[in-house]
A.B. asks: 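Take a look at this one; I'll ask things after.
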Amino acid sequence: MSLLTGERRPPMPRTGAPYRTIRSKWAAALLYLVLIGLSLLLLTPLFWMLSTSLKSMQEIMSYPPTLLPKVIHFENYKHAWEKGNFARYTLNTLLLAGIGVLSHVLSNTFVAYGFAKIRFPGKRLLFAVMLGTMMIPSFVTLIPQYILFSKLSWINTYYPLTVPGFFGSAFQIFLIRQFFMTIPNELIEAGKVDGASHFRIWWQLMLPLSLPVIATVAIMTFQGAWNDFTGPLIYINSESLFNLQIGLQSFKGTESTQWHYLMAGSVIVLLPVVLLFFFFQRYFIEGMNITAGTKG
Amino acid sequence: MARTAASSPGSSLKRREAWQGYIFASPWIVGFLLFTAGPLLFSLYASFTNYDITSRMDWIGVQNYDTMFNHDPLFWKSLKNTLYFVAISVPLQTAGGLLLAVVLNRKASGIRFFRTVFYLPSILSGVGVYVLWMMLLSPSAGLVNLMLGWIGIDGPAWLTDPDWTKNAVILMKLWGAGGMMLLYLASLQAVPRQLYEAAELDGAGRFRKFRHVTLPMITPVIFFEIVTGMIGGFQIFQEGYVMGYNNEPGAPMNSLLFYNLHMFLKAFKVFDMGYAMAMAWFLFLIVLVLTLINLTLSRYWVHYEGGER
């Protein structure tokens, strides 16, 4: 703290981090106590979900509640999977997520390339309008969009949930454009000298160079499609077209007091996202950092 | 380089380049016209009609707006519910995310593991999470009240008591505050080390360094979180729809009837589309005004490195 210690300290390798060095054993112990305490607090709900999903209904109703199931009931999952028709919903959700990822990656990288690397009159204005659309609450356009799709007789089909994805989304275009801006223009010029069109440069040069941001966008889109509730709630009526979110919601209605089945169903719905997170953490975090870098 | 390549063979090449630019932008332009601009204009017009999708679309002037403000108590109820949620939840989450980031902004072994754990809840959303919290908050069999009991607190009935339902949702949302943590972490890492050293020379302690160095330096991120948090907060809908008591959206006693939920029910249960679109436009106006207020106020407290922007 004093002038002396301040001068004696070797130069820090990086910026930031006010409290990077732990000053004493006690401080370190306190830090880990806080970290472990907070972690337990944040993980307990998930632990409780798993634990409840393996209990019998009788045990759930007993007081005081037990932390771990006395007898493990794996058959709760079988029941939820079959009674809840989850096989069907999982396939539907995967189909929607697959189309979503494909359409978003293609259209958003395409548009972002135009905004990042081609000069055309009005580009700045268009870009500003695009950023402005991010401020419009989704419900303002949701209702007229519903009317549009109902006039097209698209209600109770997957068109309303998939077709708009091919027309780009402002946030992802912005994200990808920020990444494209970091790729040197010289590379594009070199491509042009070799006789490549912008289309080929986008497809063969930019896309392979942009895998990190593409992965981020793909994961975001997958997560969004996996968790989409409002879209299917509005557009889908047939049970055979339900996705997991709507499936779980209607399962909740029919089995409202049966917590063990409901928790098994929740595990089935949430587990893929958890696994995806653990395998692709880097991209969850990178995506956020890209946005952070541009804000500040 | 781009300049010489484009301009030397004359302006036709430049024009070709421009056309290609429009082609690349065209998916978004078409999408903007079809799914944003068109719907916006249509909904503005339709908000002055009694549109019900099938038979009617008569111009009724400001009648929808008049009904909204003067004859629909549920409109005010839903607006109050939403304002309450935004006013409590956004500051709590902003502070919670910052707290987590400050705790995690250290070099210690295993810190990456803890970052992962703190971030994890925020990536989980949707019905699975709502159902999970409905169980955790159950008055008799729920874990939350059990834990409150350990420290001698008699927990409320949460989702069945109209006075507590919104707090229940706010608590659930706070669980996901780790989502904000990442941006804070990134910005904490970017604070120049020299500033702390200078503050130390002036004899500043830990708390004063945080108050006078860290906080001012990360105000742009705090501002960003507040603005996006508010815009997002006004769109709360699913929680009220799914977590309503006895499977009834917004129940008990409409305490979870959020603005968007009321709008949703008007549009898709009774097909009063004109009215719903009037509500949508009023929400747009609220969000716009609040964002502008935020922007204006930000001049007084948001500090940008390298001057105003």
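In what follows, every chain begins at residue 1, and chains take the letters A, B, ... in the order their sequences are listed.
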A.B. asks: Any donor and acceptor pair, going by atom type alone, linking the side chain of A/Q223 with main-chain N or O of B/I123 inside 3.5 Å?
C.D. replies: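 A pair under 3.5 Å: yes.
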A.B. asks: Counting heavy-atom pairs under 4.5 Å to chain B, which of A/V34, A/T230, A/I60 comes out on top?
C.D. replies: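 The residue among A/V34, A/T230, A/I60 with the greatest pair count is A/T230.
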A.B. asks: Which atoms of A/I36 are under 4.5 Å from chain B, going by heavy atoms: the side chain, the backbone, both sets, or neither?
C.D. replies: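 Contact with chain B involves both backbone and side-chain atoms of A/I36.
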A.B. asks: Name the region of B/T291, side chain, backbone, both or neither, that has any atom closer than 4.5 Å to a heavy atom of chain A.
C.D. replies: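 Only the side chain of B/T291 comes within 4.5 Å of chain A.
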A.B. asks: Using heavy-atom distances under 4.5 Å, tell me whether A/T52 contacts chain B through its side chain, its backbone, both, or neither.
C.D. replies: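 The answer is the side chain of A/T52.
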A.B. asks: Between the side chain of A/K252 and the main-chain N/O of B/V127, is any donor-acceptor distance below 3.5 Å?
C.D. replies: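 Flag not set: sc A/K252 to bb B/V127 has no pair under 3.5 Å.
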A.B. asks: Identify which part of A/Q281 has an atom lying under 4.5 Å from any heavy atom of chain B, answering side chain, backbone, both or neither.
C.D. replies: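 The answer is the side chain of A/Q281.
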A.B. asks: For A/M135, is it the side chain, the backbone, both, or neither that has a heavy atom closer than 4.5 Å to a heavy atom of chain B?
C.D. replies: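 Backbone plus side chain of A/M135, per the 4.5 Å heavy-atom cut-off to chain B.
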A.B. asks: Contact part of A/I246 toward chain B, heavy-atom cut-off under 4.5 Å: side chain, backbone, both or neither?
C.D. replies: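 Contact with chain B is absent: no heavy atom of A/I246 under 4.5 Å.
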A.B. asks: Side chain, backbone, both or neither: which part of A/I234 has a non-hydrogen atom closer than 4.5 Å to chain B?
C.D. replies: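 Interface part for A/I234: side chain.
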A.B. asks: Contact part of B/F35 toward chain A, heavy-atom cut-off under 4.5 Å: side chain, backbone, both or neither?
C.D. replies: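 Both parts, heavy atoms under 4.5 Å.
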A.B. asks: Which atoms of A/L270 are under 4.5 Å from chain B, going by heavy atoms: the side chain, the backbone, both sets, or neither?
C.D. replies: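 Both parts, backbone and side chain.
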A.B. asks: Compare all side-chain heavy atoms of B/F114 with those of A/Y32 and state whether any distance is below 4.5 angstrom.
C.D. replies: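 Yes, their side chains come closer than 4.5 Å.
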A.B. asks: Determine yes or no for a side-chain-to-main-chain donor-acceptor pair under 3.5 angstrom, with B/W175 supplying the side chain and A/L42 the backbone.
C.D. replies: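 Between the backbone of A/L42 and the side chain of B/W175 there is a qualifying donor-acceptor contact (under 3.5 Å).
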A.B. asks: Relative to chain B, which segment of A/S39 carries a heavy atom at a distance below 4.5 Å: side chain, backbone, both, or neither?
C.D. replies: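 For A/S39, heavy atoms of backbone and side chain both lie under 4.5 Å from chain B.
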A.B. asks: Distance-only, no hydrogens or angles: does the A/Q145 side chain make a donor-acceptor pair with backbone N or O of B/P39 under 3.5 Å?
C.D. replies: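 Answer holds: no.
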A.B. asks: Do B/T116 and A/F278 have side-chain heavy atoms sitting under 4.5 Å apart?
C.D. replies: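 Side chain of B/T116 against side chain of A/F278, heavy atoms only: contact under 4.5 Å found.
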A.B. asks: Counting only heavy atoms closer than 4.5 Å, note whether B/L100 contacts chain A via side chain, backbone, both or neither.
C.D. replies: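 For B/L100, side-chain heavy atoms alone lie under 4.5 Å from chain A.
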